[in-house]
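All values derive from a computational prediction rather than experimental measurement. Labels below follow one simple rule: chain letters A, B, ... track the order of the sequence lines, proteins then strands, and each chain is numbered from 1.
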Amino acid sequence: MSNLSIPTTSPDDYYRQRIDMQPAFNSDLFQQLLEPENLHRAWRQVKANKGAAGIDGMTIEAFPLWMQQGDWQRCKSLLERGEYNPSAVRRVEIDKPDGGKRKLGIPNVIDRVIQQAIAQILTPLFDPFFSANSFGFRPNRNAKQAVLQVRDIIKQKRKFAVDVDLSKFFDRVNHDLLMTQLRIKVQDKRLLALIGKYLRAGVMVNDQFEASLEGVPQGGPLSPLLSNIMLDSLDKELESRGHKFARYADDFIILVKSIRAGERVLKSITRYLATKLKLVVNEQKSQVVEVGQSKFLGFTFNRGKIQWHAKTLHIFKQKMKRLTNRNWGVSMGYQLFKVCPVLKYVDIKRTSL
DNA sequence: GAAACAATGAC
RNA sequence: GUUGUCAUUGUUUC
């Protein structure tokens with residue numbers, strides 16, 4: 001059914017070119033970072049996201065003027081001398097669909113631009129070497145591919161799922177381990193130092209400064225890449241053990257052939273994460289179950305078909321009601337496609353819309 | 001091909 | 001009303 005090919009991790013031409021240049025390139029990363037072209041691209045991205053101001057109150061709209069007034073030149077020379085100190089991020093809590101809160105850390109606009117510029121430099125160095133089973137926060141990859149990959153693994157007689165939930169992953173990333181991973185590919189001391197400063201920049205919670213001795217801020221443009229660099233070790237470990245799995249950020253699922261194997265794997269991986277990556281597995285939310293009972297990125301898997309998880313389905317039904325109340329029959333197919341393009345992979349009979 | 005806009009999904 | 005990142009899709013324009 002799916003002739004939808006999942007891209008391999010083989011570097012594309014752009015990456016290959018830069019990798020070949022790596023030695024010269026790498027000693028010079030900090031200068032690359034400050035290239036006007038790189039910074040301009042970073043600013044465009046930050047602007048397009050239309051985010052809110054950080055603790056300095058500087059908005060996206062006011063930022064270009066700030067740049068022109070020479071403040072950027074001062075900032076740049078501080079950066080070049082290694083004397084630039086990033087501001088703390090602003091704490092904002094937003095509701096999660098499950099009723100919990102997501103803690104965001106919003107950097108100032110200028111720090112978002114600098115972080116974005118760093119991410120643009122680091123991505124070609126790291127991303128081409130990430131696991132084929134890692135789907136979150138990566139160019140040319142998305143949740144749909146992750147779900148299809150899981151379905152394909154299940155077809156290979158792996159009917160049991162190990163759902164692993166990392167508690168507060170982003171908040172608990174270990175700085176030392178992360179920097180160690182970074183040093184493997186980044187030799188530029190100035191760049192490493194700057195990234196370290198961003199990790200330790202702290203958080204403002206109601207005008208109260210809180211140090212950040214661990215974790216990466218959810219809201220920083222660099223954070224998604226750093227999280228993937230951190231969990232790349234896990235991917236490589238799982239691969240070396242011959243496991244079949246898919247990972248989307250901190251959400252990952254390992255497919256095995258029996259409950260017993262699953263229990264063993266969960267235990268082993270839990271210990272690996274605790275000792276090697278200093279990450280805590282949430283035992284309450286982790287489970288070994290038949291794939292039909294599993295949940296990954298809002299989907300569940302039954303008899304080779306991808307289905308919505310009950311909760312996701314409920315939300316979908318609400319959406320359908322709203323859309324179809326007015327236009328029922330006019331363009332059902334189009335509406336359905338708009339609501340959820342992955343629909344054609346779902347067993348509609350069994351979900352009984 | 002590029003660059004704007006919007007809306008959706010994941011965290 | 002407040003509110004980040006990443007990815008994707010669609011539209012438009014040249």
What pattern of brackets, bars and dots sums up RNA chain C from 5' to 3', given Watson-Crick or G-U wobble pairs under 3.5 Å, [ ] for crossing pairs and | for another strand? ...|||||||||||

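Atom NZ of A:Lys276 is surrounded by 12 or fewer heavy atoms from other residues, nucleotides or ligands within 6.0 Å.
Regarding A:Asp95, its CG atom lies at a distance of 16 Å from the C1' atom of B:dC11, rounded to whole Å. Atoms CD (A:Gln145) and C1' (B:dT8) sit 16 Å apart, rounded to a whole Å. The CE-P distance, from A:Met204 to C:G4, rounds to 19 Å in whole Å. The distance from atom CZ of A:Arg172 to atom P of B:dC11 is 18 Å, rounded to the nearest whole Å. Atoms NZ (A:Lys47) and C1' (C:G4) sit 19 Å apart, rounded to a whole Å. The distance between atom NZ of A:Lys295 and atom C1' of B:dA10, rounded to the nearest whole Å, is 12 Å. Distance CG (A:Asp251) to C1' (C:A7): 16 Å, rounded to an integer number of Å. Atom CZ of A:Phe137 and atom P of B:dA10 are 12 Å apart (whole Å).
A 4.5 Å side-chain heavy-atom check between A:Lys103 and A:Arg91 finds at least one atom pair inside the cut-off. Taking 4.5 Å as the limit, some side-chain heavy atom of A:Lys101 sits within range of a side-chain heavy atom of A:Asp95. Counting heavy atoms from C-beta outward, A:Leu39 and A:Glu35 have side chains that stay 4.5 Å or more apart.
Under 4.0 angstrom from either OP1 or OP2 of B:dC11 there lies no side-chain N or O belonging to A:Arg247. In terms of phosphate contacts, A:Gln116 brings a side-chain nitrogen or oxygen within less than 4.0 Å of OP1 or OP2 of C:C6. Contact between the side-chain N/O atoms of A:Asn49 and the OP1/OP2 oxygens of C:C6 is found at a separation under 4.0 Å.
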Just distance, no hydrogens or angles: give the donor-acceptor pairs under 3.5 Å from side chains in residues 106-119 of chain A, sequence neighbours left out.
unit_1   : atom_1 : unit_2   : atom_2 : d
A:Asn108 : OD1    : A:Ile55  : N      : 2.8
A:Asn108 : OD1    : A:Asp56  : N      : 3.1
A:Asn108 : ND2    : A:Asp56  : OD2    : 3.4
A:Asn108 : ND2    : A:Ser87  : OG     : 3.0
A:Asp111 : OD1    : A:Tyr84  : OH     : 2.5
A:Asp111 : OD1    : A:Tyr198 : OH     : 2.8
A:Asp111 : OD2    : A:Ser87  : N      : 3.3
A:Arg112 : NH1    : A:Ala52  : O      : 3.0
A:Arg112 : NH1    : A:Pro107 : O      : 2.9
A:Arg112 : NH2    : A:Ala52  : O      : 3.0
A:Gln115 : OE1    : A:Leu222 : N      : 3.2
A:Gln116 : NE2    : A:Gln120 : OE1    : 3.3

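For the salt bridge (Lys or Arg N to Asp or Glu O under 4.0 Å) condition, no pair includes a residue of residues 253-270 of chain A, sequence neighbours left out.
Here A:Asp127 pairs with A:Arg138 in a salt bridge; the nearest charged N to carboxylate O distance falls below 4.0 Å. Taking 4.0 Å as the cut-off between side-chain N and carboxylate O, A:Arg247 and A:Asp251 do not count as a salt-bridged pair.
Residue A:Gly51 is classed as a sugar-phosphate contact, given heavy-atom separations below 4.0 Å to backbone atoms only.
Listed nucleotides B:dG9, C:U3, C:G4 differ in distance to A:Arg112; the shortest reach to its side chain belongs to C:G4. Distance from the side chain of A:Asn140 is smallest for C:U8 among the nucleotides C:U8, B:dC11, C:G4. Nearest nucleotide to the A:Ile106 side chain, out of C:U8, C:U3, C:U5: C:U3. Taking every side-chain heavy atom of A:Leu104 into account, C:G4 is the closest of C:U5, C:G4, B:dC11.
Shown for residues 160-167 of chain A: no residue has heavy atoms falling under 4.0 angstrom of RNA chain C. Using a 4.0 Å cutoff on non-hydrogen atoms, the parts of residues 217-231 of chain A near RNA chain C are A:Gly219, A:Gly220, A:Pro221, A:Pro224, ordered by number.
Between A:Ser212 and A:Arg200, the side chains place no donor N or O within less than 3.5 Å of an acceptor N or O (distance only, hydrogens not considered). Side-chain contact annotation: A:Arg241 with A:Ser268, donor-acceptor N/O pair under 3.5 Å present. If you check the side chains of A:Asp163 and A:Ser294, you find a donor sitting under 3.5 Å from an acceptor. Side chain to side chain, A:Asn133 and A:Glu239 meet the donor-acceptor criterion of an N or O pair below 3.5 Å.
Cation-pi geometry between A:Lys189 and A:Phe30 is not met: the NZ or CZ atom fails to fall both under 6.0 Å from the ring centre and inside 45° of the normal.
Heavy-atom minimum distance, A:Ile259 versus A:Val288: O-CG1, 3.9 Å.
Comparing B:dA6 with C:G1, their P atoms are spaced 16 Å from each other, to the whole Å.
The aromatic rings of A:Phe137 and A:Phe170 lie perpendicular to each other, with more than 60° between the two planes, well past the 30° mark.
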Please list, for nucleotides 5-7 of chain B, all pairs of protein and nucleotide N/O atoms separated by less than 3.5 Å.
unit_1 : atom_1 : unit_2  : atom_2 : d
B:dA6  : OP2    : A:Lys50 : NZ     : 2.3

